[in-house]
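A short write-up of the structure that comes next.
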Amino acid sequence: MSTKDQVVIFDTTLRDGEQSPGATMSHAEKLEIAGLLDDMGVDIIEAGFPIASDGDFAAVSEIAKQAKSSVICGLARANFKDIDRCWEAVKHAKAPRIHTFIGTSPLHRAIPNLNKDEMAERIHETVSHARNLCDNVQWSPMDATRTEEDYLCRVVEIAIKAGATTINIPDTVGYTAPVESADLIRMLIEKVPGADDVVFATHCHNDLGMATANALAAVEGGARQIECTINGLGERAGNTALEEVVMALKVRGDIMPFKTGIDTTKLMHISRRVSTVSGFPVQFNKAIVGKNAFAHESGIHQDGMLKNAETFEIMRPEDVGLTETNLVMGKHSGRAALRSKLNDLGFELGDNQLKDVFVRFKALADRKKEIYDDDLIALMRDSAADEQGEHIKVKSLRVVCGTEGPAQADLTLEIDGAEKSTSAQGDGPVDSAFNAVKALFEHTARLQLYQVHAVTEGTDAQATVSVRMEEDGRIATGQSADTDTVVASVKAYVNALNRLIERRKMGSVGYDEKSVSYKDAG
């Protein structure tokens, strides 16, 4: 495979993806996701923003030490302090990279109050400094798609002469369209001296729903690195979804003759894990990894599928690591069968983990006759949530509601080892249960989002509940699943509170306006 045919996959789930409100991951979760990305064949992992916090620095540093094959990259603003801190974090990697950036559009130049010449000088100084520390330097003109073309050419040339080995062209606000995306990359390659000596990259946001199309168009224009995230996780409407560009290149090689090194059979598993640790459910109709991506309900579609799967499927489910849903598990299933089934679904458990999950599985089987694959995935998601710091645990809940008067919840929580009980009323069972939590554990967190999804079909289906909470500028999400929707709701609420407590202790984790001001880049 020639380098002209190879598209480098740069994953920024742990950096840009984690900037989604409420998507902050724990240290252990970051290491786990980085390991999965490395095993899947991701070329470059942007592990974080080391200057943002001690927690981010520690995660990037540890990921750098543990990486087997992937290049490990850290982000730094255009100043020496950021770049030095970034190098300290990534230097332990077998293949480290420094990624430094500054906003070059008229709107972004105004933030650090630099004129064009002053910014050009800043770019030369900081890229040169990064290159003196590391042989692999990436430079990004933030908001490139709204930067004047002549000035963009000028600063790209400066970055190349200063030693940048990769030039990333970000569509920071999701403003561009596919034709523009391709033309912009093509123009830079044709006009900028030294462009043939560097790799051009594309980083697209999905504000207008065109991130994947823009990224693929940039490849057509000459870009050979795509920056993306698992499930399209990211700020606002998200980033280019890794699974979408990788499968598009694989399926449509006839018109896009480019290759990646991604093991696509691992896509479904990492999608589920990122959804679990971030607290962001994958929408049912999400391309490639959504629950309905390979589902067929129309009679015509079902008839065609029975005769020839290619009539309505352009990919095989097994190509992305999806196994067929079967009703094979139940209350009489043993531990070995459960381990085997979870392995098929992409979960590898140690003996102690299996013991805990098996107890939960048996409890679920007593309440639910037929256990679907999606039930097991929800069970694993719940187990992962419980493995996080548990300052608050739900011990018991009883809710009484009727057609007249308010609902009442009798709740017992274990808070830092001590059990506390109370009764509270509210407008319905969930409201009364949440009021009971507030009475036992006083807090100022505000509920921003409450969502309920049925995991499978039937009246005994598990419900997956997601909540998002905000407290003093910190946002956390929580998820839980249970056959009782109210129980799942309380567990999800408590899970979010536990995450907020951890964030209080750690201070600012990840990118946060309180700890890192963009103005510091100037």
Side-chain angles (χ1 to χ4, degrees), residues 10 12 15-16 46 49-52 73-91 96-173 175-176 184-185 187-203 223 225 227 511 513 515-522:
F10 178 113
T12 184
R15 200 279 300 170
D16 207 341
E46 189 165 53
F49 197 172
I51 197 70
C73 176
L75 185 68
R77 294 162 300 175
N79 64 63
F80 289 3
K81 183 178 178 181
D82 268 42
I83 292 168
D84 289 342
R85 185 68 166 166
C86 180
W87 174 242
E88 284 299 312
V90 302
K91 68 180 183 181
R97 173 182 288 192
I98 294 174
H99 178 194
T100 183
F101 74 97
I102 194 168
T104 56
S105 69
L107 287 168
H108 285 269
R109 290 200 299 269
I111 296 175
N113 195 27
L114 295 175
N115 62 38
K116 289 182 177 181
D117 291 338
E118 290 170 336
M119 178 164 286
E121 181 62 25
R122 173 66 60 84
I123 292 166
H124 173 75
E125 292 174 348
T126 53
V127 174
S128 296
H129 182 68
R131 184 58 192 267
N132 286 335
L133 297 171
C134 182
D135 290 338
N136 191 340
V137 174
Q138 175 170 314
W139 178 74
S140 294
M142 186 166 66
D143 204 21
T145 56
R146 295 192 296 173
T147 299
E148 308 95 315
E149 283 193 1
D150 59 341
Y151 188 64
L152 185 61
C153 288
R154 176 186 174 188
V155 292
V156 167
E157 181 180 356
I158 289 170
I160 293 173
K161 288 182 177 179
T165 51
T166 298
I167 300 295
N168 177 47
I169 303 301
D171 183 27
T172 305
V173 292
Y175 178 74
T176 197
L184 182 59
I185 297 292
M187 180 275 295
L188 290 169
I189 292 173
E190 291 174 353
K191 288 187 176 182
V192 176
D196 291 339
D197 299 325
V198 299
V199 173
F200 276 84
T202 180
H203 176 110
Q225 175 180 300
E227 302 204 355
Y511 184 84
E513 289 293 339
S515 65
V516 176
S517 168
Y518 171 71
K519 289 194 296 184
D520 292 341

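Here the structure is a predicted model, which means the values were calculated and not measured. Side-chain atoms are counted along with the backbone in the values below, which use heavy atoms only and exclude waters and symmetry mates.
- Ion pairing of E157 with K161 is present here, as a side-chain N (NZ or NE/NH1/NH2) and a carboxylate O approach within less than 4.0 Å.
- Minimum interatomic distance between I169 and P141 (heavy atoms only, all atoms of both residues): CD1-CG, 4.1 Å.
- At least one side-chain heavy atom of D143 sits under 4.5 Å from a side-chain heavy atom of V173.
- Contacts of H99 classified as ring pair (Phe, Tyr, Trp, His ring centres under 6.0 Å), with partners at least two apart in sequence or in another chain: none.
- Here K91 contributes atom NZ and L133 contributes atom CG; the two are 9.5 Å apart, rounded to the nearest 0.5 Å.
- Y151 carries R109 over the face of its six-membered ring, with the cationic atom under 6.0 Å from the centre and within 45° of the normal.
- Of all heavy-atom pairs spanning I83 and R77, the tightest one is CG1-O, 3.9 Å.
- Side chain of T100 to backbone of A76: a donor-acceptor contact under 3.5 angstrom is found.
- When the side-chain hydrogen bond (donor to acceptor under 3.5 Å, both in side chains) test is applied to T176, the partners found at least two apart in sequence or on another chain are E180.
- Residues Q138 and E46 have side chains that never bring a donor and an acceptor to within less than 3.5 angstrom of each other.
- Distance alone, capped at 3.5 Å, places no donor-acceptor pair between the S105 side chain and the T147 backbone.
- Taking CD1 of I167 as the reference point, atom CD1 of I160 lies at 5.0 Å (rounded to 0.5 Å).
- Counting non-hydrogen atoms of other residues, nucleotides and ligands closer than 6.0 Å to CD of E148 gives a total above 12.
- Closest approach of P96 and C134 over heavy atoms only: O-SG, 3.5 Å.
- Residue pairs that meet the side-chain hydrogen bond (donor to acceptor under 3.5 Å, both in side chains) test with at least one member in residues 123-133, sequence neighbours left out, are D84-H129.
- Here K81 pairs with nothing under the side-chain hydrogen bond (donor to acceptor under 3.5 Å, both in side chains) rule; sequence neighbours left out.
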Name every donor-acceptor pair, under 3.5 Å, that has one atom in a side chain of residues 187-202 and the other anywhere in the protein, sequence neighbours excluded.
none

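- The shortest side-chain heavy-atom distance between E227 and D16 does not fall under the 4.5 Å cut-off.
- Contact record, F101 with L75: CD2-CD1, 3.6 Å, taken as the closest heavy-atom pair.
- The nearest pair of heavy atoms linking M142 to P170 is CA-CG, 4.1 Å.
- In this structure the side chain of I102 never reaches within 4.5 angstrom of the side chain of V155, judged on heavy atoms.
- For the side-chain hydrogen bond (donor to acceptor under 3.5 Å, both in side chains) test, no residue two or more places apart in sequence or in another chain qualifies with K116.
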